[in-house]
Amino acid sequence: MRVAFQTALLSCEPIFVPKLRRSCYPHPNLPISWFPTKTLVFSPCRAIMAVQSRPTVQVRDNIELNETEKKIFDRLLGTVRHFGLQNQLRVAGGWVRDKLLGKDCYDIDIALDNMLGSEFVEKVRDYLLHVGEEAQGIAVIPCNPEQSKHLETARMRICDTWIDFVNLRCEEYCENSRIPTVQKYGTAEEDAYRRDLTINSLFYNINTSSIEDFTKRGIADLKSGIIVTPLPPKSTFMDDPLRVLRAIRFGARFGFILDEELKEAASCDEVKAALSAKISRERIGTEIDLMISGNQPVQAMTYICDLKLFWVVFSLHPKYEPAVSEGCDRLCVAYLDATWNLIQLIGNSTFNDEQRRLALYTAMFLPLRKTVYKDNKAKKIPVVNYIFRDSLKRKVSDAETVINVHYAFEKFLPLISYFASNEDVLLTEVDWEREFVDVPLASKPRVLTGFLLRELKDFWRVALLMSTLVYPRNIDCTEDLLNKNFELERRRSLFKAAEDAILKLGLDKIWDAKPLVNGKDIMNVLQLKSGGPLVREWQQKILAWQLARPSATAEECLEWMRETHSKRLRME
């Protein structure tokens, strides 16, 4: 076997080896055992590449507290001493992980071994008053099983930092629900094993100033950069299917590798069905939002795609009859990938956080922008609207912004051609300029762009970004997207040329510009007693006239109105 392996190692030829499968997890009552199962093709070169691609993670040996954390923990320990309590106070989960990675974390969760959070918070308040300090912002968040919140959480502000207090727990679940059938005080070890991932199962014991790794592999997995569940992944995911998305989010965020058995469990039909049936769409939407807003959104969506979860998460309306074309999910991720890389190339500072977040959603759903379903009144509704409002339960404004950009971004295409080549003839192809016939040719770029920016407002750069992805309109870029052969530098140049031209025209924030004349002025010139379609028509004409003449005054605008109106009357 060794000779065969060495030979294949040098030749990079695949060989057959026994597949080693982990049969159980390092729970105190379950010894680790490995046994060979079915064989698989093993390529040493690929194995070497996999090992080389595994991240090297710098993990600290101990946790260094900052001054605020020292003050907070001193007050908690002071409470324990003052009342003679037997509590072991532990910081749980993400704070411990992030501190070991040398990252700042302001999310401090205190786990209590023999007391409810609300009881301990009352004692902390009494202690603070005893030592002459003020207790701030005490609140108790009750359990709410219908929203998958099964434990009471108490909160209070100490040293201007919100601290959450909850008891250690041990839970058992029924088959088709996230409501525990058994819930009781648990030990720190039981609590560690019921958590989602080993890297999130670590504790920092405030009483002893020590790190506690009850799964015996939390720190090792953190150093190795592996996303693993403390217990077998399928049972962990069936207990709480949202843990699948959390595993993906943390894997992408830290650049860690998903354990093979975890991936197998996450992609199985039972777990996918449980994710759809057990978890509220709000919670799913929150996880997806965190991924899209995070530092590696493309990796996160790639994991979702690889695990066959894309249409589970981004579910379509049940009345949408045509089957989604094969590979549509991959194309969605490819558009996301291209947009993410283009944003990095252009410069992150060009977009604020909200613009970047919605730009990524807009790009990911570009392949679906013309896909609709019919509601109960046979009205055609974009499926993207359903994804945002029903599948992810996001804000209505998110759906409206993305759909608006989907509708408007193609209007940028002839303008990009104009700004890139400065050829007036290209603007004659614009079919949405009919109502601007009185605008001088030299002013049409400013007028056309001004109307478009007033439509898109703060998201005009997002629409411009989308237009550079599909430019030019008559060329199918699908294959280039999927093969990552997308000429990003050329598209960056197109974006910057158009953006610079728009700023040079003085159109940024043009949507805040007030009209030179109001509706009452229009009615006076037209000698109308009430408003109506004619007034709205003139409002558009006045806006075009004003965009073409940025230095004009209200008096000049009124004079132009009178002359134009008189000509129309004479022609009639």
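Computed from a predicted model, the values in this text were never measured in an experiment. Side chains included, hydrogens not; waters and symmetry mates left out as well; all remaining heavy atoms used.
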Could I get the full list of side-chain hydrogen bond (donor to acceptor under 3.5 Å, both in side chains) partners for [X], not counting sequence neighbours?
{"X": "Gln344", "value": "Asn348"}
{"X": "Arg97", "value": "Asn200"}
{"X": "Tyr361", "value": "Asp289"}
{"X": "Thr198", "value": "Asp221"}

List the atom of [X], the atom of [Y], and the distance in Å for their closest heavy-atom pair.
{"X": "Thr339", "Y": "Ala363", "result": "OG1-CB, 2.9 Å"}
{"X": "Lys272", "Y": "Leu307", "result": "CD-O, 4.4 Å"}
{"X": "Met466", "Y": "Ala359", "result": "CE-O, 3.7 Å"}
{"X": "Leu262", "Y": "Val228", "result": "CD1-CA, 4.3 Å"}
{"X": "Ala247", "Y": "Leu258", "result": "O-CD2, 3.7 Å"}

Handout entry: Verdict with supporting geometry, Ile227 and Ile257, side chain to side chain contact (heavy atoms under 4.5 Å, CB included)
Key = CA-CA 6 Å; Ile227 298 295; Ile257 296 170; over 6 Å; no

Student check: side-chain heavy atoms of [X] and [Y] closer than 4.5 Å:
{"X": "Tyr335", "Y": "Arg330", "value": "no"}
{"X": "Tyr407", "Y": "Glu455", "value": "yes"}
{"X": "Lys395", "Y": "Glu400", "value": "no"}
{"X": "Val298", "Y": "Thr302", "value": "yes"}
{"X": "Pro297", "Y": "Met291", "value": "no"}
{"X": "Phe451", "Y": "Leu543", "value": "yes"}

Exercise for the section: Evaluate the side chain to side chain contact (heavy atoms under 4.5 Å, CB included) criterion for residues Arg60 and Leu101: first the C-alpha distance (whole Å), next the side-chain angles of each, then the deciding distance (0.1 Å), finally the verdict. Expected result: CA-CA 6 Å; Arg60 296 183 174 183; Leu101 293 174; over 6 Å; no

Rounded to the nearest 0.5 Å, how far does [atom2] of [Y] lie from [atom1] of [X]?
{"X": "Ile416", "Y": "Thr468", "atom1": "CD1", "atom2": "OG1", "value": "6.0 Å"}
{"X": "Asp329", "Y": "Met364", "atom1": "CG", "atom2": "CE", "value": "11.0 Å"}
{"X": "Asp306", "Y": "Tyr303", "atom1": "CG", "atom2": "OH", "value": "8.5 Å"}
{"X": "Phe419", "Y": "Leu464", "atom1": "CZ", "atom2": "CG", "value": "9.0 Å"}
{"X": "Leu494", "Y": "Tyr471", "atom1": "CG", "atom2": "OH", "value": "6.0 Å"}
{"X": "Glu354", "Y": "Ser293", "atom1": "CD", "atom2": "OG", "value": "8.0 Å"}

Quick check against the 3.5 Å criterion: does [X] have a side-chain atom that pairs as donor or acceptor with the backbone of [Y]?
{"X": "Arg246", "Y": "Leu197", "result": "no"}
{"X": "Arg356", "Y": "Phe351", "result": "yes"}
{"X": "Arg446", "Y": "Pro550", "result": "no"}
{"X": "Arg490", "Y": "Glu487", "result": "no"}
{"X": "Lys457", "Y": "Arg454", "result": "yes"}
{"X": "Ser315", "Y": "Ser391", "result": "no"}
{"X": "Gln540", "Y": "Glu537", "result": "no"}
{"X": "Ser267", "Y": "Glu264", "result": "yes"}

Sequence neighbours excluded, which residues qualify as side chain to side chain contact (heavy atoms under 4.5 Å, CB included) partners of [X]?
{"X": "Asn295", "result": "Arg253"}
{"X": "Ala265", "result": "Pro233, Lys234, Phe237"}
{"X": "Thr236", "result": "Thr229, Leu231, Arg243"}
{"X": "Gln296", "result": "Ala252, Gln299"}

Handout entry: Polar contact flag, side-chain donor to acceptor under 3.5 angstrom, Tyr106-Thr68
Key = no

Exercise for the section: Would you please say whether a donor-acceptor pair under 3.5 Å links the side chains of Thr215 and Asp213? Expected result: yes

Per-pair distances, 0.1 Å, donor-acceptor, side chain in residues 378-385, under 3.5 Å, sequence neighbours excluded:
none

Exercise for the section: Take atom CD of Gln58 as the centre, draw a 6.0 Å sphere, and report whether it contains more than 12 heavy atoms from other residues, nucleotides or ligands. Expected result: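 It does not: Gln58 CD has 12 such atoms or fewer within range.
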
Handout entry: salt bridge (Lys or Arg N to Asp or Glu O under 4.0 Å) partners of Glu64, counting only residues at least two apart
Key = none

Kindly list each side-chain donor-acceptor pair under 3.5 angstrom involving residues 501-516, sequence neighbours excluded, with atom names and distances?
residue	atom	partner	partner atom	Å
Asp508	OD1	Trp460	NE1	3.4
Lys509	NZ	Asp458	OD1	3.0

Handout entry: Parallel, tilted or perpendicular: rings of Trp545 and Trp560 (30°, 60°)
Key = parallel

Handout entry: Residues forming a ring-ring contact (aromatic ring centres under 6.0 Å, His included) with Phe310, sequence neighbours excluded
Key =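 Phe310 satisfies ring-ring contact (aromatic ring centres under 6.0 Å, His included) with Phe314 only.
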
Completion exercise
Exactly one candidate in Leu465, Val462, Thr350, Leu360 meets side chain to side chain contact (heavy atoms under 4.5 Å, CB included) with Gln355; the answer is Val462

Practice task
In plain terms, say whether Arg283 and Asp240 are close enough for a salt bridge, that is, a side-chain N and a carboxylate O under 4.0 Å apart.
Solution key: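 Yes.
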
Practice task
Report yes if the distance between the aromatic ring centroids of Phe365 and Phe388 is under 6.0 Å, otherwise no.
Solution key: yes

